[in-house]
Student: 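Mind having a look at this structure? Questions to follow.
Computation of the quantities below employed the complete heavy-atom set of this structure, encompassing side-chain atoms and omitting hydrogens, waters and symmetry-equivalent molecules. In what follows, every chain begins at residue 1, and chains take the letters A, B, ... in the order their sequences are listed.
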Amino acid sequence: MVVAFAIIRMKDLFAVVMLLGIYGLLSASFFVAMDAVDVAFTEAAVGAGISTLLMLVVITMTGRTEKVTRHKPLLALLVIAITGALLIYGTLDMPYYGSADAPIHHHVAPRYINDSMQEVGIPNIVTSVLASYRAFDTFGEVVVIFTAGIGVLALLSVARRPEDSEDITALDDSMHEQNLVLRIITKILIPFILLFALYVQFHGDFGPGGGFQAGVIFAAAIILYAMIFGLSNARKVINQDFIQLITAVGVLFYGCVGLVSLFNGGNFFDYNVLSSDPIAGQHLGILLIEWGVGCTVASVMIIIFFNFAGRREMQKINNNNNNQESSS
Amino acid sequence: MLIAATLAVFVVMILAIIRGVVGPTLYDRILAVNMFGTKTVLLISLLGFVMGRPEFLDIAIVYALINFISVIGVLRYSDTNKFSHAPTENKSLKQEP
Amino acid sequence: MDVILNFTGALCLFIGCFLCISGGVGLLRFPDFYTRMHAVGVTDTLGAGMILIGLMFYSPDFLIFAKLVMILLLTLLVGPTTSHVLAKAAMRNGLMPALEKGDNSKEINSSN
């Protein structure tokens with residue numbers, strides 16, 4: 001609460017981003033305390049990591065302090081107070097936290113908990129619910145992420161003109177000899193992070209993890225490389241067209257798994273018909289769609305970061321050109 | 001002993017938040033967030049042992065990496081003009097609320 | 001054997017907690033950014049290391065032990081790097097340490 005209040009009241013946006021990082025971490029700690037491991041995993045990776053990084057890139061373009069508001073937004077405050085009071089009144093009727101006769105513990109959840117091992121055969125119930133029982137919802141989530149990536153591309157895509165490439169390399173803001181320690185440590189760490197992303201991807205059946213978290217970790221490794229070694233080097237390593245292709249391929253892969261199960265005679269996303277044995281079919285189906293999810297999430301995060309940072313470079317180049325024109 | 005260690009780490013996290021909210025210069029706040037992140041890694045590992053679910057160690061590894069990448073990101077993007085201090089005095093230029 | 005393991009683990013945890021708490025108190029009480037960073041950087045890494053070594057004595061099987069070794073290596077690698085980068089960035093951006101009176105006329109040398 002203190003952190004949220006401080007976020008609203010402070011005018012220095014940089015400090016606000018720091019406090020947002022702390023807030024994301026506190027949420028992850030709450031999820032850990034409530035014994036929800038996968039959610040804590042995703043919150044720690046996304047909420048405290050990638051969001052902070054992306055907000056930082058935005059802040060370097062917009063400036064550090066917030067604009068002073070001229071009027072006091074009393075009407076908005078009143079609306080929010082009334083809505084909050086109504087919501088709290090609505091929760092007074094809810095059953096206690098974790099009580100045994102709450103409705104959610106009666107209808108669908110016991111069936112998942114009891115039957116998941118026989119029907120799907122993997123120990124992690126969260127993954128089995130996400131990827132097999134509710135695969136269609138997860139398909140919706142992946143399409144939402146894909147749409148967010150397309151939105152960023154449509155709004156911010158920087159058309160790279162080839163004659164500006166010398167300007168870009170002259171403006172190359174990688175940290176060269178000034179930061180030898182950091183470059184060496186990064187070179188040691190990046191293969192480890194990529195390997196860990198693959199571990200989380202394929203271990204999602206047995207422990208916390210799965211496609212979403214693995215994609216975020218993979219993108220974090222690429223973003224680290226881009227930050228230390230410069231955006232132009234990172235663009236040479238990871239071609240932007242290839243990444244855009246991977247985004248679409250991830251979603252298509254997911255949909256094709258559903259279609260293949262349709263062709264084989266089952267329902268849409270019914271994995272039992274994917275192979276000779278239903279349990280093996282479930283395993284294969286979950287593996288394939290988690291791979292699709294991981295591809296899409298990783299490539300969308302990389303696209304968003306490259307576009308934000310590329311925009312910032314364009315702004316810097318324009319500033320430099322303006323300074324040179326005004327001084328010459 | 002594990003529970004005492006968890007409480008101690010929690011107390012240190014609160015101290016770090018206090019410094020993060022108060023700290024006069026920007027770099028104090030970055031330092032506070034970094035320390036908060038390291039203590040969160042420890043807290044998650046300890047909680048995993050206390051609650052008997054050692055799968056939390058995966059979250060601890062992820063969080064250690066994310067903490068490192070975030071601090072490097074902050075410092076990487078603070079090289080622009082808008083973040084510099086006045087070179088001869090020990091105070092910062094930004095507005096205090 | 002179990003008693004010795006538990007006792008060593010508890011001892012390492014105790015040392016680690018003491019270091020962490022002293023680092024936290026130092027963060028609040030030291031007068032200047034560079035001194036605070038010195039306190040946090042040293043005690044953070046070492047305290048985290050001792051707590052993780054203490055947890056290794058409590059681990060039930062080998063996979064958890066291996067994961068703890070990985071977290072320990074990562075913390076030992078990443079902690080000092082962060083302190084170094086933070087100090088370098090603060091120095092380059094002009095934050096001067098609070099030296100003795102009469103020494104504040106040193107200009108920053110930006111070629112290092």
Side-chain angles (χ1 to χ4, degrees), chain B residues 1-2 4-9 11-16 18-20 22-28 30-32 34-35 37-39 41-42 45-46 48-49 52 54-55 57-58 60-61 63-65 67-69 71-72 74-76 78-80 83-93, chain C residues 6 9-11 13-14 16-18 20-28 32-34 36-37 40-41 43-45 47-48 51-52 54-55 58-61 63-64 67-68 70-71 74-75 77-79 81-83 85-90 92-98 104-108:
Chain B
M1 189 64 209
L2 281 175
T6 313
L7 280 176
V9 171
V11 163
V12 176
M13 283 164 77
I14 294 181
L15 293 179
I18 293 178
R19 174 53 75 195
V22 162
T25 71
L26 171 68
Y27 294 96
D28 284 323
I30 302 179
L31 186 66
N34 182 32
M35 189 174 169
T38 323
K39 297 303 179 271
V41 171
L42 291 177
S45 310
L46 283 168
F49 272 85
E55 294 98 23
L57 290 178
D58 290 336
I61 297 181
Y63 200 65
L65 291 170
N67 187 28
F68 175 60
I69 296 179
V71 173
I72 300 296
V74 166
L75 294 174
R76 168 82 177 75
S78 71
D79 271 349
T80 59
F83 294 123
S84 56
H85 293 254
T88 54
E89 59 189 8
N90 200 6
K91 294 201 273 283
S92 65
L93 278 179
Chain C
N6 271 347
L11 186 67
L13 275 179
F14 180 69
C17 289
F18 174 68
C20 284
I21 291 185
S22 67
V25 168
L27 182 66
L28 278 182
D32 181 31
F33 168 68
Y34 289 101
R36 281 178 207 143
M37 200 190 60
V40 166
T43 62
D44 213 14
T45 310
I51 288 185
L52 289 171
L55 279 182
Y58 281 101
S59 58
D61 65 356
L63 181 65
I64 300 175
K67 277 190 193 166
L68 278 173
M70 277 202 308
I71 303 179
L74 195 65
T75 309
L77 195 62
V78 158
T81 311
T82 313
S83 305
V85 170
L86 199 56
K88 197 160 200 148
R92 183 179 307 141
N93 277 341
L95 179 64
M96 293 296 293
N104 258 341
S105 56
K106 242 169 54 163
E107 293 295 324
I108 44 169

Student: At a heavy-atom distance under 4.5 Å, which candidate from C:Leu55, C:Leu63, C:Leu68 has the highest pair count against chain B?
Tutor: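 The option with the most such pairs is C:Leu55.
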Student: Rounded to the nearest 0.5 Å, what's the gap from CZ on C:Arg36 to CZ on B:Arg19? Could you check?
Tutor: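 Here the rounded value is 3.5 Å.
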Student: Which bit of C:Ser83 comes within less than 4.5 Å of chain B, counting heavy atoms only: side chain, backbone, both or neither?
Tutor: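 No part of C:Ser83 comes within 4.5 Å of chain B.
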Student: For C:Ala10, check side chain to side chain contact (heavy atoms under 4.5 Å, CB included) against everything at least two apart and list the hits.
Tutor: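 Expected list: B:Met1, C:Tyr58.
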Student: Can you tell which part of C:Ile21 gets under 4.5 Å to a heavy atom of chain B, answering side chain, backbone, both or neither?
Tutor: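 Backbone plus side chain of C:Ile21, per the 4.5 Å heavy-atom cut-off to chain B.
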Student: Could you tell me which of C:Leu13, C:Ile71, C:Ile51, C:Leu28 has the largest number of non-hydrogen atom pairs under 4.5 Å with chain B?
Tutor: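 So the answer, after comparing C:Leu13, C:Ile71, C:Ile51, C:Leu28, is C:Leu28.
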Student: Less than 4.5 Å apart, side chain to side chain, heavy atoms only: is that true for B:Asn67 and B:Tyr63?
Tutor: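 Answer yes - side chains close enough.
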Student: Is C:Met37 in contact with chain B via its backbone, its side chain, both, or neither, using a 4.5 Å heavy-atom distance?
Tutor: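 Looking at C:Met37, backbone and side chain both touch chain B.
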Student: With only heavy atoms counted, which part of C:Leu27 is less than 4.5 Å from chain B, the side chain, the backbone, both or neither?
Tutor: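 Both backbone and side chain of C:Leu27 come within 4.5 Å of chain B.
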Student: Using non-hydrogen atoms only, which part of B:Val12 is less than 4.5 Å away from chain C: side chain, backbone, both, or neither?
Tutor: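 For B:Val12, the side chain is the part near chain C, not the backbone.
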Student: Mind checking what makes side chain to side chain donor-acceptor pair (under 3.5 Å) contact with B:Thr38, not counting sequence neighbours?
Tutor: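 Side chain to side chain donor-acceptor pair (under 3.5 Å) list for B:Thr38, sorted by chain: C:Asp44.
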Student: Can you say whether C:Phe18 sits under 4.5 Å from chain B via the side chain, the backbone, both, or neither, judging by heavy atoms?
Tutor: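 No part of C:Phe18 comes within 4.5 Å of chain B.
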